[in-house]
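Reading through the structure tokens given below for one structure.
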2 protein chains.
Amino acid sequence: MNDYNHPAARYYQEVSEQCIHYLSIDGVIFGFHQNQLKVLLLRWKGTNEWSLPGGFIRKIESVDLAAQRIMQERTGLDALYLQQFHVFGEAERYNQEETWGKINLPLQNVNWSARTISIGYYALVEYSRVVPAPDFLTEECRWWNVEAIPALLFDHNHIIQVALQSLRKQLNDQPISHLLPETFTIPELQRLYETILGSTLDARNFYKKIMASDRLERLSERRAGTPHKAPFLYRFKSDNFTTE
Amino acid sequence: MNDYNHPAARYYQEVSEQCIHYLSIDGVIFGFHQNQLKVLLLRWKGTNEWSLPGGFIRKIESVDLAAQRIMQERTGLDALYLQQFHVFGEAERYNQEETWGKINLPLQNVNWSARTISIGYYALVEYSRVVPAPDFLTEECRWWNVEAIPALLFDHNHIIQVALQSLRKQLNDQPISHLLPETFTIPELQRLYETILGSTLDARNFYKKIMASDRLERLSERRAGTPHKAPFLYRFKSDNFTTE
DNA sequence: ACAAAAGTGTTGCGTTTACACCCATGT
DNA sequence: ACATGGGTGTAAACGCAACACTTTTGT
């Protein structure tokens, strides 16, 4: 009943042989565009069901590198900034029957019914550099506003919530520069903080604080094309941290 | 060459059949006694080599419950306060050959050579209630001062360091009451903070801060038998949180 | 009496919050 | 000119750090 020439079949074969069973990685890839915090999601083939990108860990591969590999494949970027944030290990993370019912699995007898533990990573990436690419189980890969995420497959809504909470808690220790283009304005940076924190900030206090941190340098240029006063452009001084 | 009546053989058999491969749990069990922060370690049979307690996750078991089970077996306590703190997933976490050479494995052909990913949990337990119990690979289970831990097997020194860092960072959000007996004095509580943080605190400021938090209630009794002024006993108000 | 630890209050500093005004630009 | 957002300073509040003295008790 099994078509071993089916690309999915070959993939499962590979995963089954080379990867660790019962364990996966799920990635919450954060981007920032037009003052909106975004997450990269995948739509499964022939359905209207969305999920986070994810994958499996090879038996001989470090978990961090596995996460890199998986996220690279969906974004086209290398050397992403990744942060492990939680292990989701409930015995019943989600309703299995219901979930499999929603997906048109290309194969019948792949054993998908076993429980899976998932290691959650979030990534901070520069929106404009990402070239979203679906995998062969999915036919669409695109950004969604964090505020407008639909009901996802598995427990992925929950995972995004936990990722967001972690990001909020760790915001001041994370290299948020990865979410922004090389140059940006202070108001843009403030919007980024505001979207992540989900609250508004006082522009004057924000300015003071961010300047006191001494991580920014002001360029001589200003952002053109704005309807009002042209804001200065800034850049992060020596992006020293890459993968933490 | 394999003795299937050997208790270790049966254990390996069970683990191999029922548990998830390539994935384990390591536990850093913190206790506090005589103003010292302690960690529970195991000495392997016929050796002078020590390691953290650990174990495997059953295919149908939640990761948190697996951690509970493993720590319960070493401490004799149930409903421990546990906190997942990091996944150790390097491809080469430690020198395998060197490590296996140090241990007298009771069996020849158990495949111990594969890499293992480990989920790190720390536990906060009340020292005096613990009845340390070795497992069948080890012949001694006892507390060690955090400051005097020897070179351990695997990467367990590293894991303890990361656990301690996490605990320090999260100290104010953790139910440290679990590390103390039902009643205790303020100076004792201060010693606990100091040992975890690795620095001394101002008694006056500490007193104010801990009182302002409104988590303690003073009892009418005082600690007897002290060489000097008898300190009041305190208790944490309604230990609401158990396993967080 | 005295040594050693317990118990408490006051002050100052630095960080964060609240708040107001001028500037530049496109319409 | 005016509406809109950018850019900055100042004052009050709050939280944390520094610090000194009295109390109690065993020796």
Side-chain angles (χ1 to χ4, degrees), chain A residues 32-36 168-173 176 180-237, chain B residues 32-36 168-174 176 180-181 183-237:
Chain A
F32 185 66
H33 186 59
Q34 292 181 334
N35 291 341
Q36 298 276 359
R168 280 178 185 162
K169 213 175 271 182
Q170 304 166 352
L171 225 201
N172 292 319
D173 308 317
I176 34 162
L180 292 168
E182 175 70 14
T183 64
F184 50 87
T185 69
I186 300 287
E188 282 164 7
L189 182 60
Q190 186 182 335
R191 301 294 162 264
L192 173 56
Y193 270 81
E194 288 176 337
T195 346
I196 293 175
L197 294 174
S199 60
T200 59
L201 299 172
D202 182 287
R204 299 159 284 201
N205 294 334
F206 181 79
Y207 179 84
K208 260 185 308 180
K209 188 174 168 175
I210 205 77
M211 282 310 163
S213 79
D214 197 37
R215 288 182 299 164
L216 298 187
E217 58 183 342
R218 185 201 271 189
L219 308 181
S220 47
E221 314 124 70
R222 292 159 181 262
R223 164 123 318 155
T226 64
H228 304 295
K229 179 172 177 177
F232 280 104
L233 287 172
Y234 291 77
R235 144 170 57 205
F236 274 95
K237 288 180 182 172
Chain B
F32 185 65
H33 186 59
Q34 292 182 332
N35 291 341
Q36 299 277 358
R168 281 178 185 161
K169 214 175 271 182
Q170 304 166 350
L171 226 200
N172 293 319
D173 308 317
Q174 296 294 322
I176 35 162
L180 292 169
T183 63
F184 50 87
T185 69
I186 300 287
E188 282 164 7
L189 182 60
Q190 186 182 334
R191 301 293 162 264
L192 174 56
Y193 270 81
E194 288 175 338
T195 347
I196 293 175
L197 294 174
S199 60
T200 59
L201 298 171
D202 182 285
R204 298 159 284 202
N205 293 333
F206 181 79
Y207 178 84
K208 259 184 309 180
K209 188 174 167 175
I210 206 76
M211 282 308 162
S213 79
D214 197 39
R215 287 181 300 164
L216 297 187
E217 58 182 342
R218 185 202 271 190
L219 308 182
S220 47
E221 315 124 69
R222 293 159 181 262
R223 165 126 313 158
T226 63
H228 305 294
K229 179 171 177 176
F232 281 103
L233 286 173
Y234 291 78
R235 143 170 57 209
F236 275 95
K237 287 181 183 171

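Chain letters run A, B, ... following the sequence lines, proteins first, then strands; residues in each count from 1. All heavy atoms count here, side chains included; hydrogens, waters and symmetry mates do not. The structure displayed is predicted, hence computed values, not measured ones.
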Restricting both atoms to N or O, compile the protein contacts to nucleotides 10-15 of chain C shorter than 3.5 Å, with distance only.
{"from": "C:dT10", "atom 1": "O4", "to": "B:Lys208", "atom 2": "NZ", "distance (Å)": "2.8"}

Legend entry - Heavy-atom closest contact (B:Thr226 atom, B:Lys229 atom, distance): OG1-O, 3.7 Å
Legend entry - B:Ile196 backbone acceptor or donor facing B:Arg168 side chain under 3.5 Å: yes
Legend entry - Gap between atoms CD1 and P, on B:Ile210 and C:dG7 respectively (whole Å): 14 Å
Legend entry - Results of side chain to side chain contact (heavy atoms under 4.5 Å, CB included) for B:Glu221 - residues two or more places apart only: B:Leu219, B:Leu233
Legend entry - Distance, nearest 0.5 Å, that separates CZ of B:Arg204 from NZ of B:Lys209: 16.0 Å
Legend entry - A:Gln36 side-chain N/O to A:His33 backbone N/O, donor-acceptor pair under 3.5 Å: no
Inset, instruction - Give a yes or no on whether a donor-acceptor pair under 3.5 Å exists between the nucleobase atoms of C:dA20, that is its base, and the side chain of A:Arg204. - result: yes
Legend entry - Within residues 183-230 of chain A or reaching into it, pairs that qualify as ring-ring contact (aromatic ring centres under 6.0 Å, His included) - sequence neighbours excluded: A:Phe184-A:Phe236, A:Tyr193-A:Phe206
So which protein N/O to nucleotides 2-6 of chain C N/O distances come out below 3.5 Å?
{"from": "C:dA4", "atom 1": "O4'", "to": "B:His228", "atom 2": "NE2", "distance (Å)": "3.3"}

Legend entry - Value in whole Å for how far the C1' atom of C:dG9 lies from CG of B:Asp202: 12 Å
Legend entry - Working for side chain to side chain contact (heavy atoms under 4.5 Å, CB included), residues A:Leu189 and A:Tyr234: CA-CA 10 Å; A:Leu189 182 60; A:Tyr234 291 77; over 6 Å; no
Legend entry - Which residues share a side chain to side chain contact (heavy atoms under 4.5 Å, CB included) with A:Glu194, sequence neighbours left out: A:Gln190, A:Arg191, A:Thr200, A:Leu201
Legend entry - A:Arg235 side-chain N/O to A:Thr183 backbone N/O, donor-acceptor pair under 3.5 Å: no
Legend entry - Interface limits on DNA chain D, where chain B has a heavy atom under 4.0 Å of a nucleotide atom: D:dA17 to D:dG26
Inset, instruction - In sequence, state the C-alpha distance, the side-chain angles, and the governing distance for B:Arg222 and B:Thr185, and then conclude on side chain to side chain contact (heavy atoms under 4.5 Å, CB included). - result: CA-CA 8 Å; B:Arg222 293 159 181 262; B:Thr185 69; over 6 Å; no
